[in-house]
Number of protein chains: 2
Amino acid sequence: MNRNPLADLGNLGDYLREQRESHKLSLRQLSDLVGVSNPYLSQIERGLKKPSAEILQQLAKGLQVSAESLYVRAGILEDRPVPDTEATTVRTAIAADPDLTQRQRDALIDIYESFVGAAKPVRPKRTATRTTTTKE
Amino acid sequence: MNRNPLADLGNLGDYLREQRESHKLSLRQLSDLVGVSNPYLSQIERGLKKPSAEILQQLAKGLQVSAESLYVRAGILEDRPVPDTEATTVRTAIAADPDLTQRQRDALIDIYESFVGAAKPVRPKRTATRTTTTKE
DNA sequence: CCAGTGTGCTTGCTCTAGTTAGCAAAATGC
DNA sequence: GCATTTTGCTAACTAGAGCAAGCACACTGG
């Protein structure tokens, strides 16, 4: 999954610079806007430094993009966290529910399986229909 | 809007410890599982250190929770990362599952709500309106 | 021609995330 | 009773994120 973090960083940096320039902001202007020093912004955009999630969050606000999209580019979020609309949905929904403890999940899935009478394996579906990389 | 990182950290740490213990893992076992040193895990759980998104991602995998939920707790993601994946999803998934009888659906939802302690009214949503037009 | 201001970038520095080595206390076994 | 292991934790350290200060180059315009 994360093969070469530096390459991904370059990608992220390019994207950030692109966004900044499309907003017609200088490094100092963006720096002032998001509260991150301008030399550091420069290094991020050139892929020399790896920004933390906090910095990315600030940048997302300043550049008016979703934080998630930056996280995905930074490699700290999966592309599409939840696929659904299938028979596996109950299982995946239970598995992904943050309000449940693991034991509760196990119990629920147990009950569910006793209901449907099946022991289907959880299949990780891949629905990657959503890359905003419209640069071609 | 005025976030207090330390308070959130305590919350995150408590949650992580809870998850780890519910999996019946020791610090060293989890350490070995997710590739993070056990002293550091200890410090994270007690709210002494603030884990990066990478660490949180590893922990999410090891503890089988969604990375998003950890990010939200860590304060680096807004509360609704995915529109309809959270609490309503288990309900809608159950309601939409063709393999269940109505009585089984009621029973499952009953159990689920007793778990999460929610008293939300069961809204007769048909199919999960999944027009997830991500803004951008 | 040289002051002023804008751009991005380099250089040191601080601070902290995350590590390895090692500790005291509790459990298990002889 | 005492070894051994396993528990969580403390201490000392390294690497790198993120900062303030300052540089070189381009523009104005006087």
Side-chain angles (χ1 to χ4, degrees), chain A residues 2-63 67 70-71 73-77, chain B residues 3-63 67 70-77:
Chain A
N2 213 353
R3 47 219 278 244
N4 200 346
L6 255 52
D8 287 348
L9 269 190
N11 180 21
L12 174 66
D14 288 347
Y15 175 73
L16 286 173
R17 172 154 295 186
E18 194 176 298
Q19 287 297 313
R20 175 175 63 85
E21 291 179 343
S22 80
H23 282 250
K24 306 221 184 309
L25 293 170
S26 70
L27 282 174
R28 279 178 176 78
Q29 285 172 331
L30 180 59
S31 165
D32 204 43
L33 183 62
V34 301
V36 174
S37 73
N38 71 82
Y40 187 44
L41 288 178
S42 169
Q43 289 165 333
I44 291 173
E45 289 184 351
R46 285 175 299 148
L48 300 180
K49 292 287 177 77
K50 181 181 178 183
S52 70
E54 282 81 2
I55 298 290
L56 289 178
Q57 198 180 26
Q58 298 305 316
L59 285 172
K61 286 179 189 169
L63 295 175
L70 292 188
Y71 292 170
R73 276 176 200 269
I76 62 177
L77 250 194
Chain B
R3 75 181 42 140
N4 197 347
L6 256 50
D8 287 349
L9 269 189
N11 180 21
L12 173 68
D14 288 345
Y15 175 72
L16 286 173
R17 172 154 295 187
E18 191 176 304
Q19 287 296 313
R20 175 175 64 85
E21 291 179 343
S22 80
H23 281 251
K24 307 220 186 307
L25 293 170
S26 70
L27 283 173
R28 279 180 177 78
Q29 286 172 331
L30 181 59
S31 164
D32 205 43
L33 182 62
V34 302
V36 175
S37 71
N38 69 82
Y40 188 44
L41 289 178
S42 169
Q43 289 166 332
I44 291 173
E45 290 184 351
R46 287 176 296 148
L48 299 180
K49 292 287 178 72
K50 180 180 178 182
S52 70
E54 281 82 2
I55 298 290
L56 289 177
Q57 200 180 24
Q58 299 303 317
L59 285 172
K61 285 180 188 167
L63 295 175
L70 292 188
Y71 292 172
V72 169
R73 277 176 200 267
I76 62 177
L77 249 195

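In what follows, every chain begins at residue 1, and chains take the letters A, B, ... in the order their sequences are listed. What you see is a predicted model; the values in this text were computed from it and never measured. Both backbone and side-chain heavy atoms feed into the values below; hydrogens, waters and symmetry mates do not.
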Do [X] and [Y] touch side chain to side chain, with heavy atoms closer than 4.5 Å?
| X | Y | answer |
| --- | --- | --- |
| Leu30(A) | Val36(A) | no |
| Leu27(B) | Glu45(B) | yes |
| Leu16(A) | Leu41(A) | no |
| Leu12(A) | Pro51(A) | yes |

To the nearest 0.5 Å, tell me how far [X] [atom1] sits from [Y] [atom2].
| X | Y | atom1 | atom2 | answer |
| --- | --- | --- | --- | --- |
| Tyr15(B) | Leu59(B) | OH | CG | 11.0 Å |
| Leu70(B) | Leu77(B) | CG | CG | 10.5 Å |
| Leu33(A) | His23(A) | CG | NE2 | 9.5 Å |

**Complete:** Quick note, side-chain hydrogen bond (donor to acceptor under 3.5 Å, both in side chains) partners involving residues 30-39 of chain A, not counting sequence neighbours, are none
Roughly, in whole Å, what's the span from [atom1] in [X] to [atom2] in [N]?
| X | N | atom1 | atom2 | result |
| --- | --- | --- | --- | --- |
| Tyr40(B) | dT20(C) | OH | P | 13 Å |
| Gln58(B) | dT19(C) | CD | P | 10 Å |
| Glu45(B) | dA17(C) | CD | C1' | 16 Å |
| Gln43(B) | dT19(C) | CD | P | 10 Å |
| Ile55(B) | dT16(C) | CD1 | P | 18 Å |
| Lys49(B) | dC15(C) | NZ | C1' | 11 Å |

**Request:** Walk along DNA chain D from 5' to 3' and tell me the first and last nucleotide with an atom closer than 4.0 Å to a non-hydrogen atom of chain B.
**Result:** dT7(D) to dT10(D)
Please tabulate, one pair per line, each protein N/O and nucleotide N/O from nucleotides 27-29 of chain C that are separated by under 3.5 Å, including the distance.
none

**Asked** Would Val34(A) and Lys61(A) satisfy side chain to side chain contact (heavy atoms under 4.5 Å, CB included), going step by step from the backbone distance to the final call?
**Response** CA-CA 8 Å; Val34(A) 301; Lys61(A) 286 179 189 169; over 6 Å; no
**Prompt:** What residues form a side chain to side chain contact (heavy atoms under 4.5 Å, CB included) with Gln29(A), not counting sequence neighbours?
**Reply:** Leu25(A), Ser26(A)
**Fill in**
Applying side chain to side chain contact (heavy atoms under 4.5 Å, CB included) to Glu54(A) and not counting sequence neighbours gives Ser52(A), Lys50(B), Ile76(B)
**Item:** DNA chain D-proximal residues of residues 32-39 of chain B, any heavy atom under 4.0 Å
**Value:** Asn38(B), Pro39(B)
For nucleotides 4-7 of chain C, tabulate all protein N/O to nucleotide N/O atom pairs closer than 3.5 Å, reporting atom names and distance.
| residue | atom | partner | partner atom | Å |
| --- | --- | --- | --- | --- |
| dT7(C) | OP1 | Ser26(A) | OG | 2.9 |

**Message:** Going by salt bridge (Lys or Arg N to Asp or Glu O under 4.0 Å), name the pairs with one or both residues in residues 21-30 of chain A, residues two or more places apart or in two chains.
**Reply:** none
